[in-house]
Amino acid sequence: MLIDIITIFPEVCEPYLNSSILGIAQEKGKLEIRLHNLRDYTLDKHRKVDDRPFGGGPGMILTPEPVFRAVEHINQISKPKNKTKAKIILLTPQGKTLNQKLAEKLSKREHLILICGRYEGVDERVRESLVNEEISIGDYILSGGELAALVLTDSLTRLLPGVLGHKDSNVRESFSDNLLEYPQYTRPADFRGMGVPRVLLSGDHKKIEEWRRAQTIKITKKKRPDLLKNTINFKKI
Ligand code: ADE
């Protein structure tokens, strides 16, 4: 998968993108991430990316020119490599809220271009004529789309074939998306007088599986009952 990220803060994104699973995925050749500084696509000597809104009002708006030019440049350099057209995503609180289902859908794409919004917003013509999808990471306002782009990239990378170990992907598949994780314990079996559920030490894998399944349902019911409402699993509970 190829992910291009357009931002005015590439240096903020870089360390996270090169760490942990994301770094490993790139080393393994499962993922390529290219960071683009929006200022590199400006046409003036001050490298200005924003301006005041027509009609007045607070804040500054990202101008369309550098955003369009960045996407055009990316499409140009990607043409020989890619069979399918890139999906262009704007990270904005106005977008569709990211969830595991959406991450799974997007992880199947060959190429994504992520545009990080900033300031009070982005010129509407970017939305109208360039962007294919708008995505939000939750109903709160961040200072820009960078954290959202990192969250999205992280969630997609974990789903790419061959990125996580075989064991992890099995776990993911055995519990459908709408349920929370069962409790996990590691050594020591007795920590300051606090024990571990006996079944986990029993070595009986069938019993452990049943216990985990029951815990998953119990925890989801308690912490996120909303997740159970629309899931097929609910009928089985
Ligand atoms: N930009 C600012 N806030 C955001 C959010 N909640 N999700 C995605 N992009 C954003």
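Just follow the structure's listing: the first ligand is 1, and inside any ligand the first atom is 1. Nothing here was measured: the structure is a model prediction, and the numbers come from that model.
Listed by number with element, the atoms of ligand 1 under 4.0 Å from a non-hydrogen atom of I135 are 8 (C). Taking every non-hydrogen atom of G138 and a distance limit under 4.0 Å, the qualifying atoms of ligand 1 come out as 6 (N). Less than 4.0 angstrom separates some heavy atom of S136 from each of these atoms of ligand 1: 6 (N), 7 (N), 8 (C). When each atom of ligand 1 is checked for a heavy atom of G144 under 4.0 Å away, the hits are 1 (N), 2 (C).
The shortest N or O to N or O distance between A148 and ligand 1 is not under 3.5 Å. Annotation: S143 places no N or O atom under 3.5 Å from an N or O atom of ligand 1; distance criterion only.
More than 12 heavy atoms of other shown residues, nucleotides or ligands fall within 6.0 angstrom of atom CZ in R47.
Interatomic distance, E27 CD to L22 CG, rounded to the nearest 0.5 Å: 11.5 Å. To the nearest 0.5 Å, atoms CD1 (I8) and NE2 (H36) are separated by 15.5 Å.
Side-chain contact of H73 with D40: a donor-acceptor pair under 3.5 Å is absent, judged by distance alone. Neither side chain, T153 nor R158, offers a donor N or O lying under 3.5 Å from an acceptor on the other.
For atom 10 (C) of ligand 1, the closest heavy atom belonging to the protein is P93 CD, 3.5 Å.
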